[in-house]
Each structure stands twice: as C-alpha cells, then as structure tokens.
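The next block holds one structure in the form of structure tokens; read it before the comments.
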Amino acid sequence: MKITTWNVNSLRTRPNRLRQFLETEAPDVLCLQETKVEDASFPRETFDELGYQVEFFGEKTYNGVAIAARQSIESVQRAFPTDETDCQRRLIAATVGGVRVVNVYVPNGSSVDSPKFAFKLEWLGQLRQWLASEHDAGQPLALCGDFNIAPDDRDVWAPDKWRGNVLFHPDEHAALKEFQDWGLHDAFRLHHEEGGLYSWWDYRGGAFRFNHGLRIDLILVTKPLADRCTGVSIHRDTRKVLDGEKPSDHAAVSAVFA
DNA sequence: ATGGTTGCCTTGCAA
C-alpha cells in the first residue's frame with residue numbers, strides 16, 4: 001500500500017498535475033492539503049475518471065483537506081469532535097484497507113510572536129489529545145500531512161538561520177515529540193539518515209533552484225505500520241513546472257507499506 | 001536590506 005501526502009496549494013488551479021500524478025504514481029491513498037475549495041465546487045471528476053473514491057472537507061480560499069483512495073473509504077471523520085461547525089478545515093480521517101489515515105493541515109503559525117503561533121501549538125495539542133484518547137498506537141495508523149514543522153537540523157537548509165523561527169522552533173519540536181512519545185515514527189527517517197532532502201521550497205528567491213528547502217510534510221506511523229514500511233520517497237519533480245502548470249510550493253511525499 | 005512569489009478574490013492577506 002502506497003500512501004502519499006501532498007500540499008497542493010489549490011486543487012483547481014492545477015488539474016493536470018493531479019491527473020498526471022495519479023496516473024504515474026498511482027498511490028493507494030492520497031492525502032491532500034490546502035485544496036482551497038469549498039465542498040460544493042470540489043473537482044471530483046478527475047478522481048472519478050481515474051477510479052478513485054474521494055472524501056473532502058474544504059472551505060473557500062483557505063485550508064481544505066481531502067483523502068482519495070482506490071479502495072473503499074470508510075468511517076470518515078471531519079474536524080475534531082469538539083470543533084465548531086465553522087472551524088478551519090484542517091483535518092479529515094478515514095479507514096482504507098485496514099489502516100486509519102489521519103490527514104492534517106497544521107496551522108502555519110505565521111511568526112513566533114503572532115497569535116497564530118499560539119493557535120498552532122494549541123491545535124497540535126488538540127490533535128495529540130484526540131489521537132491519544134480515541135486511537136490505539138498498537139493499531140496501524142498513519143498521521144500524514146503538512147505539519148509546518150521541520151523535525152531536526154537535517155530537515156532545514158540553513159538550521160542556524162531558521163532556529164527559533166516559525167517552522168523550526170523549540171515549542172514546535174516539543175509538540176512533535178509528544179506524537180513520538182505516543183508511539184508515532186517519522187516514516188522518512190526509517191529509511192533516510194541524510195539531510196538536504198526537503199518537501200517545501202519557498203516560491204521566492206529561487207529557493208527551489210538553490211535547494212533552500214525544509215522537510216515539513218511528514219508521514220508519521222504507529223509501530224505496526226513502521227514494521228511494514230519498505231520505503232519513503234519525496235517526489236521532487238512535483239515541485240517543477242509541468243506542461244505550463246505552475247507547481248505547488250510543496251512536493252508530494254510517499255510511503256510504501258508491505 | 002523584513003526583500004522575494006503565488007493564489008484567492010478581502011487587489012490585501014496568508015503562506
């Protein structure tokens with residue numbers, strides 16, 4: 001089973017990229033973030049045509065998450081149980097092929113001195129609490145998405161420049177450690193020790209060209225899935241222009257399970 | 001030197 005996470009930074013503006021990715025990579029499960037489309041306008045045709053089921057949870061302009069799969073999608077959950085109906089669309093979870101897949105778009109945080117940074121930490125705390133209270137780390141579960149946190153120095157192009165800033169802050173690392181303590185493993189690090197492999201590059205300043213990136217798109221897995229993980233890859237090509245369609249600022253990341 | 005680019009549509013704001 002191949003599970004992919006991809007922050008697409010607007011689904012409707014890159015229809016051919018999505019099609020191309022599904023055709024060439026054929027993931028069993030695709031978790032999308034920043035779809036930026038309300039549910040009534042969700043482009044489900046592409047998924048239908050390529051034989052994918054899809055469940056989504058979106059809003060206008062901002063945020064938005066979706067899970068697509070080739071097998072049937074069961075037990076879909078949208079948002080935290082405690083969320084208001086008008087909450088930001090950042091979480092969708094579903095069971096596919098016996099694996100509980102939790103797809104998240106973690107708040108960016110803007111800057112450390114912003115109220116948005118406090119919201120980010122609060123949201124991560126909610127996620128951790130909800131996971132622990134309603135899930136079993138002994139069961140196969142994948143928590144994937146755009147975490148907007150680079151785990152360690154290897155995941156940042158200039159750690160000393162980034163340290164203490166949003167996306168690479170001690171409070172964020174403490175939040176990440178709580179997921180680890182609960183029983184989640186960074187699937188990428190089961191197979192790669194090296195640094196310099198990133199999943200996001202700023203649109204500005206030729207960041208992609210200079211490989212000035214961060215690895216902030218993660219697939220965290222419980223032990224039963226970690227034991228089945230045979231490889232993790234970052235689809236660097238998804239960050240390049242394709243047939244005149246501009247890329248998202250994120251690359252897709254895939255993990256394969258036996 | 002707080003720059004640069006992208007997407008949505010609040011042509012400013014979030015990322």
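Note on naming: letters A, B, ... go to the chains in the order of the sequence lines (proteins, then strands), and numbering restarts at 1 for each one. Small disclaimer: the values here were computed from a predicted structure and weren't measured.
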Need to verify one output field. Residue with the more 5' nearest nucleotide on DNA chain B, A:His250 or A:Asp202? A:Asp202
A:Arg78/A:Asp39 ion pair, N-O < 4.0 Å: no
Roughly how many Å apart are B:dG3 and B:dA14, using the P atom of each and rounding to a whole number? 15 Å
Near DNA chain B, under 4.0 Å by heavy atom, which residues of residues 107-117 of chain A? A:Asn108, A:Lys116
With sequence neighbours left out, the residues meeting side chain to side chain contact (heavy atoms under 4.5 Å, CB included) with A:Lys246 are A:Arg14
Salt bridge (charged side-chain N to carboxylate O under 4.0 Å, His left out) filter on A:Asp227, not counting sequence neighbours, yields A:Lys223
Near DNA chain B, under 4.0 Å by heavy atom, which residues of residues 148-161 of chain A? none
Salt bridge between A:Arg100 and A:Asp136, side-chain N to carboxylate O under 4.0 Å? no
Using residues 249-258 of chain A as the side-chain source, report each donor-acceptor pair under 3.5 Å to any protein atom, sequence neighbours left out, with the distance given to one decimal.
unit_1	atom_1	unit_2	atom_2	d
A:Asp249	OD2	A:Trp200	NE1	3.2
A:His250	ND1	A:Asp217	OD1	3.2
A:His250	ND1	A:Asp217	OD2	2.8
A:His250	NE2	A:Asn7	ND2	3.4
A:Ser254	OG	A:Thr4	OG1	2.6
A:Ser254	OG	A:His235	NE2	2.6

I'd like the P distance from B:dC9 over to B:dT5, given in whole Å. 22 Å
List, by chain and then residue number, the residues other than A:Leu242 in its hydrophobic cluster (Ile/Leu/Val/Met/Phe/Trp/Tyr, side-chain heavy atoms under 4.5 Å); write none if there are no others. none
With a 4.0 Å cut-off on heavy atoms, is A:Phe208 in touch with a base, just the backbone sugar-phosphate, or nothing at all? nothing
Using 30° and 60° as the class boundaries, would you call the ring planes of A:Tyr198 and A:Trp201 parallel, tilted or perpendicular? perpendicular
Touch class at under 4.0 angstrom, heavy-atom based, for A:Arg14 against every strand present: sugar-phosphate
Does A:Glu25 have any salt bridge (charged side-chain N to carboxylate O under 4.0 Å, His left out) partners at least two apart in sequence or in another chain, and if so, which? A:Lys2
Determine whether more than 12 heavy atoms belonging to other residues, nucleotides or ligands lie under 6.0 Å from atom CD of A:Gln126. yes
Indicate every side-chain donor-acceptor pair of residues 64-73 of chain A with a distance under 3.5 Å to a residue at least two apart or in another chain.
unit_1	atom_1	unit_2	atom_2	d
A:Arg70	NH1	A:Ala26	O	3.4
A:Ser72	OG	A:Glu74	OE2	3.4

If we count only N and O atoms by modelled type, under 3.5 Å, do the side chains of A:Asp146 and A:Gln33 hold a donor and an acceptor together? no
Enumerate the residues from residues 57-68 of chain A whose closest heavy atom to DNA chain B is under 4.0 Å, giving them by residue number; use none for an empty result. A:Lys60, A:Thr61, A:Tyr62
Residues clustered with A:Leu32, ILVMFWY side-chain links under 4.5 angstrom: A:Trp6, A:Val8, A:Leu11, A:Leu18, A:Phe21, A:Leu22, A:Leu30, A:Val37, A:Phe42, A:Phe47, A:Leu50, A:Tyr52, A:Val54, A:Phe56
Rounding to the closest angstrom, what is the interatomic distance between B:dT11 and B:dT6 at atom C1'? 14 Å
Given the C1' atoms of B:dT10 and B:dA15, what is the spacing between them in whole Å? 16 Å
Bounded by its outermost nucleotides with an atom under 4.0 Å from a heavy atom of chain A, the footprint on DNA chain B reads B:dG4 to B:dA15
Quick one: side chain to side chain contact (heavy atoms under 4.5 Å, CB included) partners of A:Ala175, sequence neighbours excluded? A:Leu124
